[in-house]
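Worksheet: one structure, shown below.
Note on naming: letters A, B, ... go to the chains in the order of the sequence lines (proteins, then strands), and numbering restarts at 1 for each one.
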Amino acid sequence: MTLILDPDEPGGWREPAGQAATDEAPRVSEHLLDGLNPQQRAAVEYRGPALLIVAGAGSGKTRVLTHRVASLIETKEAWPSQILAITFTNKAAAEMRERVEALLGEASGGMWISTFHSACVRILRREAEAIGLSKAFTIYDSADQRVILKRIIKDTSADTLGFTPAGAAAKISKLKNELADVESYARNANLDDPQEAMFLDIFRQYTRRLRDASALDFDDLIAETVYLFRAFPKVAALYQRRFRHILVDEYQDTNHAQYALIRELTRPVEPDVVAELETHGVRMRVLADDDGRIPGASLTVVGDSDQSIYAFRGADIRNIVEFERDYPGAKVVLLEQNYRSTQNILSAANAVIANNFDRKDKKLWTADGDGAKIVGYTGYSAHDEAQFIADEIDALHRSGVAYRDIAVFYRTNAQTRALEEIFVRSALPYRVVGGTKFYERAEIKDAMAYLIAVANPLDELALRRILNTPKRGIGPATETQLANFADENGMTFREAMRVASGLGLGPKVTAAITALAELLDEAAELADPAREGGPTKVADVLLHLMAGSGLLDTLRNSRDPQDETRAENVEELVAQTRDFDRENPGATLLDFLTQVSLVAAADEIDDESGTVSLMTLHTAKGLEYHAVFLTGIEEGLLPHQMSATEPGGPAEERRLFYVGITRARRRLYLSLAMSRAQFGEVSVAMPSRYLQEIPDELIDWRQSPGDATSRGGTRPRALNARQSREQQRRDRFSVASATKAKTEWTNRVTANVRDNGDLELEAGDRIRHADFGEGRVTQVTGIGAKRVAHVSFDTAGQKKLLIKIAPIEKLATP
DNA sequence: AAATTCCGTATTTTT
DNA sequence: TACGGAATTT
């Protein structure tokens, strides 16, 4: 086996100064401890093999982590290259690097700060050959996974046994997160059960197809790295030697595979391995103790079991609960003081989470005061709820809160629809974070498949995707013939394409296949990292492919009006590759593909943007905003219907609610709707059980669930029972206004967008709005399709309306 | 092989 | 509703 010397250390080993110089822990300088509370200080200063920081929401853990890393470097206990910090998103990683560098006042190159997945890709690309994998392996996302599973299920008629691509994918993912592979599953499976036998077949075929394509799915990235380390102790030793300080954030959301990876990385290097690597020219002994062994790296984990929300993807809360058992002698530091939210918000959070049994009691507190009350609102429909949110955001904005300091959270992505409709009408600048992502659009996947096919010629999935995109007259029959030919002759699909002329296909089809194969070969030459003068820029490779394939032109010249947008999207992709080339000089096509595969939803957030952020509660983890709107707090949505049957489901949903609440710094809004359109039809929604868990006096109900239902009589008993006398009086009093509100607000907002064309409006004009009644235009801003009328309505107050689509008509000119 | 139409089913959360 | 897949036509 050939050992690769760590390329990050071109100068060979550097003596870690200070470490051996004295027995005492070096003093951490005052500027790194300034302004920290005693617990935070302890977490920064502690030195030992293992440290668990139990960090409540908003307790300054990022600060503690960055100061801890900076202190290790400043005291020369560690070189930057000896530090590995695992964060939850790439954005958090970038932020951490920046903050460490700001503290040290110097660049800290060589530090690995990244997500689990990015770190594993980096290791796997470097060591790919050891496990018989191409360096250029493709990373398959869940959509790719689905395509493959769909084919397998179809081929094997597994659907007759009730298998679906989604179901099989979930099961495979679960197994991989437990570090099970086909062999170990086969050993434990009961093959007399046709279900299990069939699943084993699916699992085996799936594994083979990925291997044949030199592709890994998300779960493989972690699992394969663990296998690599276990199978090749000498390879593992290179990383065990290198990383002396490992820090893991959001430890409560690690799954078993990630846990195992950390265990492997913190293992000591045994004397025989030390000795052998030394003979290979790797400097190991400098780090070895008297017995000739390199002690395990020091491990710091940060987490909060109350914020564990990823059990569905294998996160195991035991990793944090049993940390002290796994790492004997571990020091535990508790951070409970909150520096983010008002006491009212924290009291609500504490009250909610206290209902989860089986947890260590922990109470967040702040020295900052109560702050404003939480605002509650019950809408009649999702649109009504959205309108309330839009109005409140507008009010907040007027009072000086920047749009980027405001976020709207929801449980499911489907909830964005109503919010977006209203936000567009209200001319609120917003951005949906995550959700249907840019890279998931068909035309972008097509263009990306060209790049993937160039980077990894073994990837049959990518090849098949572009084989007839754009249309070249290569249908399924031809595709099957090619695949069979490749199979029979022991060649890859790509090689079969190159020799297509020998297949006896029609001249037109043959020419199309050969042309595509040549185009890909040309592009591969351009993108070759070993190319004289360096590889061609990613943008130029993509442009070459687009020009050669005609993909972009086909979209541009299409009669289908939607293709215009698709062409623009592809052009946007080209622009993104240009940005990538500019920001990452010398980076390869593979680097680009990796980066695209591993972007997390939260990575897309632009702190400088002037927009309100919309995202799921899961995406919101780790973020904070001045004002937070938690929407759809209804039974069936939060807790979600699907969670009811899962063991531990309702408790996890409660934690999700808790995470949402604790994102808010100063203002928190809880809203729900009494009816929600589910799949076509409208159904009645009930307030979430979690709402009752918040003490009445913390919430100022603008329209309580009682108000909203008093007419229909479907008022939930549970909420009713807990209402204060004052609340009840208010309810009785507000029947009239609720009735009025109903006529005023009933969901008359139509789903189809109207077009007012070139309706001309100017200040002073009188208009009539379908929902808001009559009003006077006070101002017109914006241009073209984005012209906005500021209207002072006679009864509904101030609104901003997008002139092009608002349901308005012009009355008389004064 | 491509375009069109119709029907059935699906919706939790994500790297 | 909206999307994907199958059947049907061009």
Would you say a side-chain N or O of A/S643 is under 4.0 Å from OP1 or OP2 of B/dT13? no
Using only side-chain N and O atoms of A/T478, determine if any of them is under 4.0 Å from OP1 or OP2 of B/dA1. yes
Once you apply a heavy-atom cut-off of 4.0 Å, does A/N468 come out as touching a base, just sugar-phosphate, or nothing? sugar-phosphate
The reported gap from NZ in A/K135 to OG in A/S214 (rounded to nearest 0.5 angstrom) is 11.5 Å
May I ask you to evaluate whether A/S142 reaches the phosphate of B/dT15, defined as a side-chain N or O under 4.0 Å from OP1 or OP2? no
Do A/R125 and A/F137 meet the cation-pi criteria used here (NZ or CZ under 6.0 Å from the six-membered ring centre, within 45° of the axis)? yes
A/F218 on top of B/dT14's base, within under 5.5 Å and under 30°? no
Do A/Y140 and A/T138 have side chains that approach each other closer than 4.5 Å (heavy atoms only, starting at C-beta)? yes
OP1 or OP2 of C/dG5 sitting under 4.0 Å from any side-chain N/O of A/K150? yes
5' precedence on DNA chain B between A/D219 and A/A166 (nearest-nucleotide basis): A/A166
Taking atom P of B/dT12 as reference, at what distance in whole Å does atom NE2 of A/H640 sit? 6 Å
Answer with base, sugar-phosphate or nothing: what part of the nucleic acid does A/T619 contact at a heavy-atom distance below 4.0 Å? sugar-phosphate
Mate of C/dG5 where both pairing distances stay under 3.5 Å, Watson-Crick or G-U: B/dC6
Among the nucleotides C/dA6, B/dA3, B/dT13, whichever has the atom closest to the side chain of A/K471 is B/dA3
Quick one: A/R417 CZ to B/dT11 P, roughly how many Å, whole number? 13 Å
May I ask you to establish whether A/R654 and A/F657 are in a cation-pi arrangement, using a distance under 6.0 Å from NZ or CZ to the six-membered ring centre and at most 45° from the ring axis? no
Among the nucleotides B/dT13, C/dA6, B/dA3, whichever has the atom closest to the side chain of A/N413 is B/dT13
Categorize A/Y310 for me: base, sugar-phosphate, or nothing, with a 4.0 angstrom heavy-atom threshold over every strand shown. sugar-phosphate
Report yes or no: is the cationic atom of A/K621 (NZ for Lys, CZ for Arg) under 6.0 Å from the centre of the six-membered ring of A/F88, at an angle within 45° of the ring normal? yes
